[in-house]
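Okay, handing you the structure first.
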Amino acid sequence: MKITLNHRPSEYLGETLTVEELLKWMKFTFPMIVVKINGRLVRKEEYRSAAIHEGDQVEAIHLISGG
Amino acid sequence: MTLIKKKLAKSCVGIAGCGGLGSNCAMALARVGVGKLVIVDFDAVQESNLNRQYYFRDQLGQKKVAALRENIRRIDPGIRVEAHDLKLDAAGVTRVFAPCRVIVEAFDQAEMKRMLIETVLDEMPEKFVVAGSGLAGWGQNNALHTRRSGNLFICGDESREVSNALPPLAPRVGIVANLQANQVLEILLGEPTTHKKNK
């Protein structure tokens, strides 16, 4: 399955992928992330159920403490 | 310039958190004449804040929202400041920032940053969020940037987290706060046009 992750083409084995699986795959263990699929926000409560499909544009924006 | 002033005077901007980012960003927006600012924080001014936050020694112990309102008033008493001494949660965000077109995310903790961003993008989709992410330490001017994702703008280096070795310091915090203020202006006024007189 080919998707775009943070504006770069990426490829994954398998035909389905949830946000949770993607974050695990990418080793994004950093807990504070904002995720969007095709510009639509996915809240953290939906990571386990939200499905990513072929051709989707996925953004994972890390949030860094400090202000 | 009159048109710009009029547009800004009619604008309302929210500031979520009045620490290093929020206090400096609010002062920049006050100086250019943003008509209404909704400022929110639950903390009091401490001595350790003075290395970067827009407060003064004689304000130690005061609530940040009260001190910030006073500092804004000293620049422009015509600016309406709605001050909330409050720890924000999702319900608070949708309530206090309802009148604002743009909300500046100026929290310290990443968990709070996410709460604010998710709440606004999900529940107030007509609004813009200008967030700060990555401002610790010093130097590396060129790592500081602004990135857009729909109605969300991220200002900072997106990598350096505050720690004992990388404290938050006035120059870099101030740069990011002013990147945020500058982005707010672009949202409120549109992109500047060049080669035009009578602005």
Side-chain angles (χ1 to χ4, degrees), chain A, chain B residues 15-25 41 52-53 90 104-123 125 129 131-137 147-163 166-169 172-173 176-177 180:
Chain A
M1 179 169 73
K2 288 177 184 171
I3 64 167
T4 306
L5 177 63
N6 289 338
H7 309 287
R8 289 190 186 133
S10 315
E11 198 163 350
Y12 301 89
L13 293 174
E15 286 166 17
T16 59
L17 191 65
T18 65
V19 169
E20 188 177 79
E21 287 164 350
L22 174 73
L23 296 180
K24 210 176 279 178
W25 189 303
M26 295 304 295
K27 299 193 167 63
F28 282 170
T29 50
F30 198 86
M32 295 312 151
I33 294 176
V34 169
V35 176
K36 287 183 170 187
I37 302 176
N38 300 325
R40 193 187 69 79
L41 176 82
V42 181
R43 295 182 84 131
K44 67 175 177 188
E45 300 82 24
E46 306 169 71
Y47 286 179
R48 189 164 289 185
S49 59
I52 297 165
H53 301 101
E54 174 86 24
D56 279 352
Q57 309 251 1
V58 182
E59 282 177 272
I61 301 166
H62 286 230
L63 298 174
I64 315 290
S65 279
Chain B
I15 310 279
C18 299
L21 292 176
S23 62
N24 285 290
C25 187
D41 200 293
R52 65 191 185 283
Q53 303 187 17
V104 174
E105 181 287 307
F107 289 129
D108 181 25
Q109 299 298 324
E111 176 70 54
M112 290 292 283
K113 291 176 184 287
R114 174 161 74 182
M115 182 279 292
L116 182 113
I117 292 168
E118 288 194 348
T119 303
V120 176
L121 296 188
D122 204 25
E123 297 174 34
V129 183
S133 184
L135 47 75
R147 187 156 67 92
R148 179 174 190 172
S149 168
N151 279 10
L152 170 66
F153 294 82
I154 306 272
C155 302
D157 64 19
E158 297 190 69
S159 75
R160 287 167 81 180
E161 191 152 20
V162 167
S163 65
L166 284 177
L169 299 170
R172 238 165 164 262
V173 172
V176 174
Q180 290 179 286

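Labels below follow one simple rule: chain letters A, B, ... track the order of the sequence lines, proteins then strands, and each chain is numbered from 1.
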- Work out which heavy atom in Ser65(A) is nearest to a heavy atom in Ala110(B); give both atom names and the distance. OG-N, 2.9 Å
- chain A: which of Pro125(B), Ala177(B), Gly134(B) shares the most heavy-atom pairs with it under 4.5 Å? Gly134(B)
- Query: Pick from Lys113(B), Gln109(B), Arg114(B), Met112(B): which one makes a side-chain contact (heavy atoms from CB on, under 4.5 Å) with Met32(A)?
  - Reply: Arg114(B)
- Item | Distance in Å, Thr119(B) OG1 paired with Arg43(A) CZ, rounded so as to fall on 0.5 Å steps | 5.0 Å
- Item | Flag if over 12 foreign heavy atoms under 6.0 Å of CD, Glu15(A) | no
- Closest non-hydrogen atoms of Ile64(A) and Ser133(B), given as atom of the first, atom of the second and distance, are N-OG, 2.9 Å
- Task: Could you tell me which portion of Val35(A) (side chain, backbone, both or neither) has an atom closer than 4.5 angstrom to a non-hydrogen atom of chain B?
- Result: neither
- Of the listed residues (Glu105(B), Arg147(B), Gln53(B), Arg52(B)), which shares the most heavy-atom pairs with chain A below a 4.5 Å separation? Arg147(B)
- Measuring from Glu161(B):CD to His62(A):NE2, what's the distance to the nearest 0.5 Å? 11.5 Å
- Item | Interatomic distance, Gln57(A) atom CD to Ser149(B) atom OG [nearest 0.5 angstrom] | 10.5 Å
- The reported gap from CD1 in Ile154(B) to CG in Leu63(A) (rounded to nearest 0.5 angstrom) is 5.5 Å
- Mind ranking Leu21(B), Asn24(B), Val173(B) by heavy-atom pairs under 4.5 Å with chain A and telling me who comes out on top? Leu21(B)
- If every non-hydrogen atom of Leu41(A) is compared with every non-hydrogen atom of Glu118(B), which pair is closest and at what distance? CD2-O, 3.4 Å
- Task: Look up atom CG in Leu152(B) and atom CD in Glu59(A), then write down how far apart they are to the nearest 0.5 Å.
- Result: 8.5 Å
